[in-house]
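To start, the structure under review is shown below, and the notes come after it.
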2 protein chains.
Amino acid sequence: MKFPIGELSRQTAVKVPTIRYYEQIGLLPEAPRTEGNRRLYGKSEVDRLNFIRHSRELGFEIDDIRELLAMAAQPQSSCHQVDSIANNHLIEIDRRIASLTALKAELSRMVDECGHGRVCDCRIIEALADHSHCRSEH
Amino acid sequence: MKFPIGELSRQTAVKVPTIRYYEQIGLLPEAPRTEGNRRLYGKSEVDRLNFIRHSRELGFEIDDIRELLAMAAQPQSSCHQVDSIANNHLIEIDRRIASLTALKAELSRMVDECGHGRVCDCRIIEALADHSHCRSEH
DNA sequence: CTTGCTTCTCTAGTGGCTAGAGGAAGTAGC
DNA sequence: GCTACTTCCTCTAGCCACTAGAGAAGCAAG
C-alpha cells in the first residue's frame, strides 16, 4: 500500500532528489514519515507526480503546474483558465519551432558553404561574425 | 576611437552587465581602463562581441563559443572541428524541433478535446495525468 | 556647484534541478 | 547477533547564463 521514495521514483521516472525538491518547493505535499523518518507514498502521489512529470516534459513551468494542480483540485470551476494556460503554451511552442527552423536553415547554409578547408576559408566563422545586425529572434 | 562599455552595449545589443560577465568568465579579454577606472573598447571588441552574441542567438553554449573563438584565432588550422561543432548543433536542433512538433500535436489535441466546460470534464488535466508511460522525449 | 547620467564593484537571486558529504535506518545472509 | 550492503535522511553547494540591486565614484552640461 505505502512505499518509500525510491519506489515512487521508479514508478514515475522522477529522480529521488527531484521528488524531495518538489516537496521542498511545495509542489508535492509533505509526505508522512515512518518511525525511522522515511517518507511514505501511496497511489495518489504517483498520480500527482506523473501529472507533474508529464507537464514538465511538455515544457510547462513549475508555476503553470502549480496553477493546473490547483484547478484540478476544484473540479467545479471553469475550464477556461486551464484552456488559456495550454493555449499560451501552444503559442510559445509555435514561436520556438519557428525560431529553431530559421536557425536550422542558417546553420545548414553555413555548414554547406564551409569549404572543408582551413579556418581562414571557413564560412562558418565568417557567418557568425557577420550577422551583427540581424533582427534578434526569440 | 575608444569608447566606454555603454557604447559597446549599444553597438552590439548586449547588455552592460552581460559584457562584464563575459569578461569575468574570460570570454572577453580584460579591457584596458581609463584613469577613472572605466573600461575602454574598440572596433575589435565590437566584432568579437557580435560573434559571441550571434553564436548565442543560434543556441551555441559558452564553451562551444570559446572553442570557436580559439579556432578563429588560428586561421591556419583545420576547419573540421568548426564543422563538427556546427554539425552537432544541427543534430541537436533537429531533435528539439521534432520534440516540439510532437508536443504541439499533443497540446493541440488536448485543447481541442477540452469541452470548454468545467474542469471535471476538461480533457487537458486528464491528458496530463494519463500519459504516465509515454516514452520521454529529449 | 549641482544635477543627472554612466560606470564601478560586490553580493545575491533566478529556475530547476544535480552532486556530494556524512550519517542513520533497513535488509539479507551467515 | 554481526556484517555488509543498500536505501534513505539532511544539509550545503554547484550548475548555466545571466539579471537585479546596493552603494559609491566619475564625468558632462547648465
Side-chain angles (χ1 to χ4, degrees), chain A residues 2-28 30-42 45 48-69 89 92 96 99 136-138, chain B residues 2-28 30-42 45 48-69 89 92 96 99 136-138:
Chain A
K2 290 285 194 177
F3 39 84
I5 198 166
E7 182 57 27
L8 180 63
S9 170
R10 247 162 273 129
Q11 284 192 35
T12 58
V14 175
K15 286 176 194 157
V16 169
T18 305
I19 296 173
R20 288 197 278 246
Y21 168 73
Y22 285 163
E23 179 179 305
Q24 192 192 309
I25 63 169
L27 205 55
L28 290 176
E30 291 197 14
R33 307 288 183 112
T34 64
E35 284 178 19
N37 199 33
R38 273 108 199 275
R39 291 173 179 83
L40 280 183
Y41 298 96
E45 278 76 29
R48 191 179 177 95
L49 193 47
N50 271 329
F51 183 101
I52 294 168
R53 187 192 47 114
H54 193 228
S55 302
R56 289 290 300 135
E57 279 171 10
L58 289 180
F60 287 96
E61 290 172 13
I62 299 283
D63 280 350
D64 288 335
I65 298 174
R66 243 186 259 275
E67 280 189 67
L68 289 170
L69 282 168
H89 196 57
E92 175 60 25
R96 279 196 240 168
S99 156
S136 73
E137 299 135 48
H138 182 267
Chain B
K2 290 285 193 178
F3 40 84
I5 199 167
E7 182 56 27
L8 179 63
S9 171
R10 245 162 274 128
Q11 284 191 36
T12 57
V14 175
K15 287 176 195 158
V16 169
T18 305
I19 296 172
R20 289 196 277 247
Y21 168 73
Y22 285 163
E23 179 179 306
Q24 193 192 309
I25 62 169
L27 205 55
L28 289 175
E30 291 197 14
R33 307 289 183 111
T34 64
E35 285 179 17
N37 200 33
R38 271 107 199 277
R39 290 171 180 84
L40 281 183
Y41 298 97
E45 279 76 29
R48 191 179 177 95
L49 193 47
N50 272 329
F51 182 100
I52 294 169
R53 186 192 47 113
H54 194 228
S55 303
R56 288 291 299 135
E57 278 170 10
L58 290 181
F60 287 96
E61 289 172 15
I62 298 285
D63 279 351
D64 288 336
I65 299 174
R66 244 186 258 275
E67 280 189 68
L68 289 171
L69 282 167
H89 195 56
E92 175 61 24
R96 278 196 240 170
S99 155
S136 72
E137 299 134 49
H138 184 272

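Convention: sequence-line order gives letters A, B, ...; per-chain numbering from 1. Values below: every heavy atom of this structure, side chains too, minus hydrogens, waters and symmetry copies.
Between the CZ atom of Phe60(B) and the P atom of dA17(D) there is a distance of 13 Å, given to the nearest Å. Atoms CD (Glu23(B)) and P (dC10(C)) sit 12 Å apart, rounded to a whole Å. When rounded to the nearest whole Å, the span between CD1 of Ile19(B) and C1' of dC8(C) equals 14 Å. Distance CG (Leu27(A)) to P (dC17(C)): 9 Å, rounded to an integer number of Å. As a whole-Å value, the separation of Arg33(B) CZ from dG26(D) P is 13 Å. Regarding Asp63(A), its CG atom lies at a distance of 12 Å from the C1' atom of dT14(C), rounded to whole Å. Remark: P of dT7(C) and NZ of Lys2(B) are 16 Å apart, rounded to the nearest angstrom. Distance, Leu8(B) CG to dC8(C) C1': 16 Å, rounded to whole Å.
Listed for the Ser9(A) side chain is no donor-acceptor partner under 3.5 Å among the backbone atoms of Ile5(A). Between the Gln11(B) side chain and the Leu8(B) main chain, no donor and acceptor come within less than 3.5 Å of each other. Without hydrogens or angle criteria, Arg48(B) side chain to Leu27(B) main chain gives a donor-acceptor distance under 3.5 Å. With hydrogens and angles disregarded, no donor-acceptor distance shorter than 3.5 Å links the side chain of Arg53(A) to the backbone of Val14(A). With hydrogens and angles ignored, the 3.5 Å screen pairs no side-chain donor or acceptor of Glu7(A) with any backbone N or O of Pro4(A).
Distances shown here put every side-chain N or O of Arg39(A) at or beyond 4.0 Å from the OP1 or OP2 atom of dC8(D). Using a 4.0 Å cut-off, no side-chain N or O of Arg20(A) falls inside it from OP1 or OP2 of dC8(D). Here Tyr22(A) does not reach the OP1 or OP2 of dG16(C): none of its side-chain N or O atoms lies under 4.0 Å away.
The residue Ile62(A) sits close only to the backbone: its heavy atoms come under 4.0 Å of sugar-phosphate atoms, none of a base.
Ile19(B) places a side-chain heavy atom less than 4.5 Å from the side chain of Tyr41(B). Side-chain contact between Thr12(A) and Ile52(A) is absent, with no heavy atoms from C-beta onward closer than 4.5 Å.
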Shorter than 3.5 Å, N or O on both sides, protein versus nucleotides 23-25 of chain C: list them out with atom names.
unit_1, atom_1, unit_2, atom_2, d
dA25(C), N3, Arg38(A), NH2, 3.3

Just the table, please: protein N/O against nucleotides 19-22 of chain D N/O, every pair under 3.5 Å.
unit_1, atom_1, unit_2, atom_2, d
dT19(D), OP2, Thr18(B), OG1, 3.1

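Screening residues 18-27 of chain A for salt bridge (charged side-chain N to carboxylate O under 4.0 Å, His left out), with sequence neighbours left out, gives Glu23(A)-Arg33(A), Glu23(A)-Arg39(A).
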Item to complete: Go through the steps to decide whether Arg66(B) and Ile62(B) satisfy the test side chain to side chain contact (heavy atoms under 4.5 Å, CB included), and finish with yes or no.
Response: CA-CA 6 Å; Arg66(B) 244 186 258 275; Ile62(B) 298 285; 3.7 Å; yes
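Across the interface with DNA chain C, nearest-nucleotide mapping of Gln24(B) and Glu61(A) shows Gln24(B) to be the residue nearer the 5′ end.
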